[in-house]
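Quick caveat, the model's predicted, so the values are computed rather than measured.
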Amino acid sequence: MNANPVVDTRQQILDTARAIIVSKGFAAVGLSEILAAAGVPKGSFYHWFRSKDQFGEALLERHFEGYLEQTDALLAAPGQNAAARLLAFFGRWHALQSGDDLTERCLVVKLSAEVCDLSESMRATLEHGTTQVLARLEGCLRQGISDGELTRCPDPAEVAEQLYQQWLGATLLARVQRSSGPLDRALAQTRLWLAHQVGPA
């Protein structure tokens, strides 16, 4: 028997909602649609969430929790140098965002423009999550510099932000153009940049 059905039901709502919202957006999806898809009785939503904004915060927090676990596994993988770990991270990004599985599309890209002007709490959650992603990228770059591998890398904090901005922008353009071209170019540029960083200073 399940020892914690309340927690499981809450997670079921969040997991179901993510697949719907990443396709339709946050404002366009009604709570009744989410609850029906999750198989949860209507009217019970507020047992787990105080408001739709608080639900949105929880949705983003859960997204970043899983995303950061995956990021740590790639950027802190043993037995690989920093360049290889960064390429693994961005290679996975390319594969997921250019694939046909809509449920794997980037929730940050999907919701940032939509909710940042509508919900301060959700904006703050997005900012906190993306700051943690940037910290992981910066840490990997710093490790590469410390190991003497990335010998031409300038300020790692600035580079991390530039790389992240490039990939967020490429993901957005890929949706606008309905083409993997922007992501293909982002991956090629990242490979070229990393190749330029490796070698004598």
Side-chain angles (χ1 to χ4, degrees), residues 18 21-23 25-26 60-61 63-77 80-117 122-199 201:
R18 188 196 186 285
I21 288 173
V22 79
S23 175
F26 186 76
L60 288 168
E61 287 168 356
H63 164 74
F64 279 114
E65 179 182 342
Y67 187 80
L68 289 169
E69 285 181 2
Q70 296 167 357
T71 298
D72 287 339
L74 292 170
L75 294 183
Q80 293 184 324
N81 60 30
R85 297 196 300 271
L86 285 164
L87 280 177
F89 172 78
F90 288 116
R92 185 176 188 277
W93 186 327
H94 177 283
L96 292 179
Q97 301 311 311
S98 61
D100 296 327
D101 187 353
L102 294 179
T103 64
E104 294 292 350
R105 296 298 170 87
C106 181
L107 197 63
V108 174
V109 169
K110 183 68 176 181
L111 296 188
S112 291
E114 179 184 358
V115 305
C116 283
D117 292 333
M122 290 180 67
R123 185 209 63 78
T125 303
L126 279 164
E127 182 180 22
H128 179 68
T130 54
T131 297
Q132 292 185 77
V133 177
L134 286 169
R136 264 71 168 183
L137 291 170
E138 180 184 348
C140 188
L141 289 164
R142 288 192 183 280
Q143 186 62 55
I145 295 170
S146 176
D147 292 343
E149 174 200 357
L150 303 180
T151 57
R152 302 182 182 127
C153 184
D155 181 357
E158 181 178 338
V159 171
E161 187 165 352
Q162 289 173 348
L163 286 170
Y164 193 54
Q165 288 175 355
Q166 176 187 12
W167 277 87
L168 286 176
T171 304
L172 179 60
L173 279 176
R175 291 191 178 188
V176 171
Q177 298 175 7
R178 296 190 183 279
S179 165
S180 67
L183 291 163
D184 296 340
R185 289 186 286 276
L187 186 58
Q189 290 167 3
T190 301
R191 288 182 185 277
L192 183 63
W193 181 85
L194 284 169
H196 180 70
Q197 304 312 307
V198 178

Note, Phe26 side chain near Met122 side chain (heavy atom, < 4.5 Å):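 With C-beta onward as the side chain, the pair touches.
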
Within a strict 4.5 Å, meaning less than it, do heavy atoms of the Val115 and Leu126 side chains meet?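 When only atoms from C-beta onward are counted, Leu126 and Val115 do touch, with a gap below 4.5 Å.
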
Under a 3.5 Å threshold, yes or no: a donor from one side chain and an acceptor from the other, between Gln165 and Glu161?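 On atom types as modelled, these side chains qualify, holding a pair under 3.5 Å.
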
Any idea which heavy atoms bring [X] and [Y] closest together, and the distance?
X	Y	value
Leu134	Ala160	CD2-O, 3.6 Å
His94	Ser98	O-OG, 2.5 Å
Cys140	Ala82	O-CB, 3.6 Å
Glu114	Gly25	OE1-CA, 3.6 Å
Lys110	Ile21	CE-O, 3.7 Å
Ile145	Leu150	CG1-O, 3.6 Å

Nearest 0.5 angstrom please: [X] [atom1] to [Y] [atom2], how far?
X	Y	atom1	atom2	answer
Ser180	Arg185	OG	CZ	8.5 Å
Leu75	Gln143	CG	CD	11.5 Å
Leu141	Arg85	CG	CZ	10.0 Å
Gln197	Thr151	CD	OG1	7.5 Å
Thr130	Leu60	OG1	CG	10.5 Å
Leu68	Gln132	CG	CD	5.0 Å

So for atom CZ, which belongs to Arg123, do other residues, nucleotides or ligands contribute more than 12 heavy atoms lying within a distance under 6.0 Å?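 Yes, because the 6.0 Å sphere around CZ of Arg123 holds more than 12 heavy atoms from other groups.
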
So Phe90 and Trp167, would you call those rings parallel, tilted or perpendicular, with 30° and 60° as cut-offs?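 The arrangement is parallel - the two ring planes meet at less than 30°.
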
Non-neighbouring partners of Tyr67 that pass ring-ring contact (aromatic ring centres under 6.0 Å, His included), sequence neighbours left out: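 Partners of Tyr67 by the ring-ring contact (aromatic ring centres under 6.0 Å, His included) criterion, ordered by chain and then number, come out as His63.
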
Test side-chain contact (heavy atoms from CB on, under 4.5 Å) applied to Leu74 - qualifying residues, sequence neighbours left out: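 Per chain and number, Leu74 pairs via side-chain contact (heavy atoms from CB on, under 4.5 Å) with Ala88, Phe89, Arg92.
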
Gln97 side chain vs Leu183 backbone, donor-acceptor pair below 3.5 Å: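 Such a contact is absent between Gln97 side chain and Leu183 backbone.
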
Keeping Asp155 on the side-chain end and Ala157 on the backbone end, is there a donor-acceptor pair under 3.5 Å?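 Pair found, side chain donor or acceptor close to backbone of Ala157.
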
Audit row: Leu137, Thr71, side-chain contact (heavy atoms from CB on, under 4.5 Å) steps and yes/no: CA-CA 9 Å; Leu137 291 170; Thr71 298; 5.9 Å; no

